[in-house]
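Take a look at the structure set out below.
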Number of protein chains: 2
Amino acid sequence: MSSAALDGTMPSDPDLAARGARQQQRSRQLLDAAARVMEREGSQAVSMQAVAAEAEVSVGLIYRYFGGKHELLLAVILNVLEDFATTVPAAVEAVGDDPVDRLVAAFRAYCEVIDRHRHATVLTYRESKSLDEAGRARIKQLEVETTQPLVQVLREGIDAGALRPVDPEMVAYNLLLVAHAWALKHWYFERTLGFEDYVRNQVSLALHGLVEPRQRRRYARLLSAS
Amino acid sequence: MSSAALDGTMPSDPDLAARGARQQQRSRQLLDAAARVMEREGSQAVSMQAVAAEAEVSVGLIYRYFGGKHELLLAVILNVLEDFATTVPAAVEAVGDDPVDRLVAAFRAYCEVIDRHRHATVLTYRESKSLDEAGRARIKQLEVETTQPLVQVLREGIDAGALRPVDPEMVAYNLLLVAHAWALKHWYFERTLGFEDYVRNQVSLALHGLVEPRQRRRYARLLSAS
DNA sequence: ACGCTACATGAACCTAGATTCATTTCTCTG
DNA sequence: CAGAGAAATGAATCTAGGTTCATGTAGCGT
């Protein structure tokens, strides 16, 4: 089954690979364009024509690569969630063994991902409604998985006696929300805080609520606000 | 100028008042219907026809009382914000002088308002985009005002030495967000928490981060989780 | 009862924007 | 260089749902 000469219609493996690569690239181009339109149009709804114009392709092409508007939307959202899935665990591992350091690293990584995809994050809240039930379920599912690294480090911290015995799931979601808030309420926070201030202040506040009193002194540097 | 007989086209004051009252009532009926549709349709977009059906009136009538879909939407959202404006300060005053008690009362009142308007709250995040700039600005403005009671009690608490010297504006918005989260992430929290548990846990967590260490013992009852 | 006005109806209209598909352009292989 | 797919185009459709308005109906003062 190796000889490509057998049948002109049956492309060789290298061909397939090349084609696949090109398609991959196109998909990404379109995805990026969609993200950019959201960026620019800000709070306006995103039309297919606008995305096509931004990507400098025709509307029809989008339908070749994504089934329709819903799938494009879903793809944009999933793209963000994937960024979480790769960035956050990496950040946690990179920082060492101290549970509180790990917690802070995880939270900071969250915030950085959000900051990278600020408009797409808002989009998730705005447009999830227009997805079908399956799509919404998928997003919820992934969002929950996304909090798992946080839940994990919280558990470690509690077991190690560094953190108070809180409900890790609730606290993880709280932290996720505070990260989301950087996108959702950016119009408010940006009046007084830059990204770094925001993260530092939130870290300080959260740790004051989480760190076991005995361990306070050890983490003084993280507990002080801006 | 009192005799109504002077001119049949000039209604007397009582007439005007009666008319006003009837219109008021209609408006409320429509508003409530709109809220109910959101409730039922859950995450689907709300169509004028659906609202009309729910209110058991014709589509056209909605246009008599509200200029169009945007204004109806805006009215629903403003309705929630008004509830904050009346409920929260009342709850704070009702509870006494202790700054921490006042803070807790304020937060709890927030959560109760959100719980009353759970779907409208989600709607605010979803549909603000479809309002014009003026409408969005109005909402933002009111939302900020809505946090003022919280900012106020936080300041009192800090000045009284009961709370650590945090940034009251940021913390107030955090608390607002945690309250919103009860609506936004209800699908997640409801799996493990009822309303009361949610409030109690969040209060405990927040106070651990806020109360001056020296004052901890005084508020033990509020600091313990469920 | 009469007429006058405000209140109410809902089918028909209109628009934005998603989707399609007949046609054209590109890219290889033989 | 032909010519067979694959890729890309974009004007023409289709549709959901917001908006209008010609046509009732109800209440009330005379």
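Computed from heavy atoms alone, side chains included, the values below leave out hydrogens, waters and symmetry copies. Residue numbers start from 1 in every chain, and the chains themselves are labelled A, B, ... in the order their sequence lines are given, proteins ahead of strands. Note that the coordinates shown come from a computational prediction; the quantities given were computed from them, not determined experimentally.
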Residues from residues 51-61 of chain A sitting under 4.0 Å of DNA chain D, heavy atoms only?
A:V57, A:S58, A:V59, A:G60, A:L61
Give me the one residue out of B:L74, B:L131, B:D132 that meets side chain to side chain contact (heavy atoms under 4.5 Å, CB included) with B:R138.
B:L74
Of all of residues 63-80 of chain B, which get a heavy atom below 4.0 angstrom from DNA chain D, listed by number?
B:Y63, B:G68, B:K69
Any donor-acceptor pair under 3.5 Å from A:D32 side chain to A:Q29 backbone
no
For nucleotides 23-26 of chain D, give me every protein contact, N/O to N/O, under 3.5 Å, one pair per line with atom names.
none

Can you confirm whether or not the ring centre of A:H180 sits under 6.0 Å from the ring centre of A:Y125?
yes
Okay, side chain of A:T147, backbone of A:V144: is any donor-acceptor separation there less than 3.5 Å?
yes
Students often mix this up, so state it plainly: with edges at 30° and 60°, are the rings of A:Y198 and A:F189 parallel, tilted or perpendicular?
tilted
Whether the side chain of A:K69 engages the backbone of A:V46 through a donor-acceptor N/O pair (distance < 3.5 Å, no angle test) should be reported.
yes
If the threshold is 4.0 Å, N to carboxylate O, is there a salt bridge linking A:E169 and A:R155?
yes
Look at A:K140 together with A:E145 and state whether they make a salt bridge at an N to O cut-off of under 4.0 Å.
no
Rounded interatomic separation in angstrom, taking CD from A:Q29 and C1' from D:dA8
12 Å
Scan residues 50-63 of chain B for pairs that pass salt bridge (Lys or Arg N to Asp or Glu O under 4.0 Å), counting only residues two or more places apart or in two chains.
B:R36-B:E54, B:R40-B:E54
Which whole-number value in Å describes the distance from A:M48 CE to D:dT13 C1'?
16 Å
Using C1' atoms of five pairs at each end, report the bend of the helix from C:dA1-D:dT30 to C:dG30-D:dC1 rounded to 10 degrees.
0°
Do NZ/NE/NH1/NH2 and the carboxylate oxygens of A:R118 and A:E39 come within less than 4.0 Å?
no
Taking CD1 from B:I62 and P from D:dC21, how many angstroms apart are they, rounded to a whole number?
18 Å
Okay, side chain of B:S204, backbone of B:R200: is any donor-acceptor separation there less than 3.5 Å?
no
Under 4.0 Å between a side-chain nitrogen and a carboxylate oxygen: does that hold for B:E127 and A:R126?
no
For D:dA7 and A:Q23 - does any side-chain N or O of the residue sit under 4.0 Å from the phosphate oxygens OP1/OP2?
yes
Quickly work out the A:Q49 CD to C:dT15 P distance and round it to whole Å.
17 Å
Suppose we screen for side-chain contact (heavy atoms from CB on, under 4.5 Å). Which residues come up paired with A:Y65, at least two apart in sequence or across chains?
A:Q23, A:R26, A:S27, A:L30, A:L61
